Visitor: 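Have a look at this one before I ask anything.
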Amino acid sequence: MRAKVAKGVIIFLFLLLGLGIVNLGLIHGKRYRDLSNKNCLRLLSQEGCRGKILDREGNVIVDSKLSYDVLIQPQEDYQLDKTLGVVSRILGVSTKTLRETMSKNYFSNSMPVTIASNIELKKAIALEELKIDFPSIIIQPKPLRHYPYSSLASHVIGYVSEIDRWRLTKLEDYGYKTKDIVGFGGLEEKYDYYLRQEEGGLSVQVDHRGRFTRVLGFKPPRNGKDIQLTINLKIQKIVEEKLAGRKGSVIIMDPETGEIIAMASAPSFTPSSFVERKSRALNNLFSDSDAPMMNRAISATYPAGSIFKVIVSTAALEAKKINLSTTFVCAGSAIVGKQEFKCWKVHNEQDLIAAIAHSCNVFFYKTGLLVGAQAIYDYALKFGLHHATGFELPYEASGFIPSPLWRKIYKFKSWYDGDTANLSIGQGEVLVTPIQMARMMAVFANKGYLVTPYIVKGIAGQDISRYQIKKTAFPMKASNIESIRAGLRGVISDSGGTGSVLSSLPVTVAGKTGTAQAPPGQPHAWFVGFLPFEKPKFVMCVLLEHGGPGYYSCVVAKEIIEGLIAEGLI
């Protein structure tokens, strides 16, 4: 009887075992095979280099350099304490810190764990020499963004950092993943798709205990594409040197094509701070009231002040409200309605050319009233104000030009003659960006074409500048352009011109100064001009934020031009 019971139990157990085998092999076999394959395969990534950023001559502005990370292979380390002690002595980092980093970065026993990043080459070599006695130590080269000129052109370039949640949700379908290094601001953001590298690496097999057994395959990493700019490195250096210590921006542009030759914003920042991830330095950048991260050349808006008089002049001549014989008497102020509107000086009788040269407010109050606010608004739009220029870099501001209709719809207020008087000298609610003003002045430098500014000349060795040039004929008579050009030249050549400080230069300059009121601080100082006058090579816009009268922007412009002459660049 007992034998039968024992036999029955054994048969029952074998039946259970058989059913288990059928369940594992037939019913869930595919699932467990997939899990087994995944468990025995490991991917060890290797990074390529992000694309370089070059100037117009091919000089490197930004590239990548090799840094070195220290990793430990846990499955091979039977003397972990001793290994960490050796690494600690060479790196000058406490064993406790190394353990904490190892614990934070640990993924599995089969995967190397990073315990130190971006170490010096000398220390990497010293650790590499210890591999005979400590085989678990791995020195892994890793490319990091390198800025040979520190903060030079930082607002044009932007910076790189770990991808944030917002970008990841937008870009996940394009192959971006958590912890990817991506561009923020400037070219790094706009052209991230071209600049970013393609990851490669090793596919290895491990056993059931997670130990390495063999290499299954290798995919070489791919470097990102190089981007060549229209920037001239020598000119960019001169511009940033002369702008240093001030708050504002400088743009130098080719008036014929719209190429940006130099673009600087101050204060600036050092993009390497984001590579080094110095939290205190980064916090200071984003909390600084001077806003060093803002590209003032394209993202900041300012009242235009007297540089707006060029637009009023255009509207008046084209509408035939005035001509070169029209004069107004400036007694130092004008009564508009019941309010007195002042000029900065008594100019006596002024015609258009003299009024531009001397920046006579009274002349433009009266001219603006003749033209009317709507016509001034319309011509401001024709010059590209109130809208972004279409420049490539992200976060370009559009500026703002008020109009009677806007006032009625959005402010529920009427438009008065006093508003027109303010508009006529670029005050009131007028807001423009430096790049818009450079574009406006280019019309008078190239004698009749509105160009679109651009900064990328080539991608991956292919010249794309012919696709970048966008010129449209500006609706203005050639004779009227020449009349305004004469006034702009008088700003410099006339002994009473507001930019006469530039008259001593060996190159002929034309342009317009502006002193834009910005209470409660000092006014913003503007100079927008072009040179040489006869055959313009450069349009220049200098904006000093709360820099005082426009004279001071002319001083900076003069220093820059002197620097260009000294280097043989004009």
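Here the structure is a predicted model, which means the values were calculated and not measured. Numbers for residues simply follow the sequence, beginning at 1.
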Visitor: Could you list all the side chain to side chain donor-acceptor pair (under 3.5 Å) pairs where at least one residue sits in residues 151-164, not counting sequence neighbours?
Guide: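 Listed once each, the pairs are Asp164-Arg167.
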Visitor: Could you pull out all residues at least two apart from Arg296 that satisfy side chain to side chain donor-acceptor pair (under 3.5 Å)?
Guide: Glu545
Visitor: Got a donor-acceptor contact below 3.5 angstrom from the Glu259 side chain to the Met253 backbone?
Guide: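 Side chain of Glu259 to backbone of Met253, a donor-acceptor pair under 3.5 Å: no, none is there.
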Visitor: What pairs with Glu120 under side chain to side chain contact (heavy atoms under 4.5 Å, CB included), at least two apart in sequence or on another chain?
Guide: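 Expected list: Lys122, Lys123.
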Visitor: Please collect all salt bridge (charged side-chain N to carboxylate O under 4.0 Å, His left out) contacts where either partner lies in residues 457-468, sequence neighbours excluded, each pair once.
Guide: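 Pairs touching residues 457-468 that pass the test: none.
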Visitor: Does atom OH of Tyr193 have more than 12 heavy-atom neighbours, drawn from other residues, nucleotides or ligands, at distances under 6.0 Å?
Guide: no
Visitor: Side-chain atoms of residues 238-249: list all donor-acceptor pairs with protein atoms under 3.5 Å, sequence neighbours left out, distances to 0.1 Å.
Guide:
{"residue": "Glu240", "atom": "OE2", "partner": "Ala153", "partner atom": "N", "Å": "2.6"}
{"residue": "Glu240", "atom": "OE2", "partner": "Gln236", "partner atom": "NE2", "Å": "2.7"}
{"residue": "Arg246", "atom": "NH1", "partner": "Lys242", "partner atom": "O", "Å": "2.6"}
{"residue": "Lys247", "atom": "NZ", "partner": "Asp290", "partner atom": "OD1", "Å": "3.0"}

Visitor: Are Arg145 and Glu188 ion-paired here, with the side-chain N under 4.0 Å from a carboxylate O?
Guide: yes
Visitor: Any side-chain heavy atom of Ile61 within less than 4.5 Å of one from Leu54?
Guide: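 No, side chains not in contact.
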Visitor: Can you tell me if Gln228 uses its side chain to pair, donor with acceptor, with the backbone of Asp55 under 3.5 Å?
Guide: yes
Visitor: Could you tell me the separation between the CZ atom of Arg165 and the CG atom of Leu168, rounded to the nearest 0.5 Å?
Guide: 8.0 Å
Visitor: Got a second to check how far Ile261's CD1 is from Leu233's CG, nearest 0.5 Å?
Guide: 12.5 Å
Visitor: Yes or no on side chain to side chain donor-acceptor pair (under 3.5 Å) for Ser117 and Lys142, after CA distance, side-chain angles and deciding distance?
Guide: CA-CA 9 Å; Ser117 300; Lys142 180 181 179 181; 5.6 Å; no
Visitor: Without swapping roles, check the side chain of His524 against the backbone of His546 for a donor-acceptor pair under 3.5 Å.
Guide: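 Yes: the side chain of His524 pairs with the backbone of His546.
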Visitor: Would you find a donor on one side and an acceptor on the other, under 3.5 Å apart, between the side chain of Thr270 and the backbone of Ser272?
Guide: no
Visitor: Quick one: list whatever passes salt bridge (Lys or Arg N to Asp or Glu O under 4.0 Å) with Lys471, sequence neighbours left out.
Guide: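 Here the qualifying residues are Glu256.
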Visitor: Taking everything shown except Tyr552 itself, do over 12 heavy atoms lie less than 6.0 Å from its OH?
Guide: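 Check fails, neighbour count at 12 or below.
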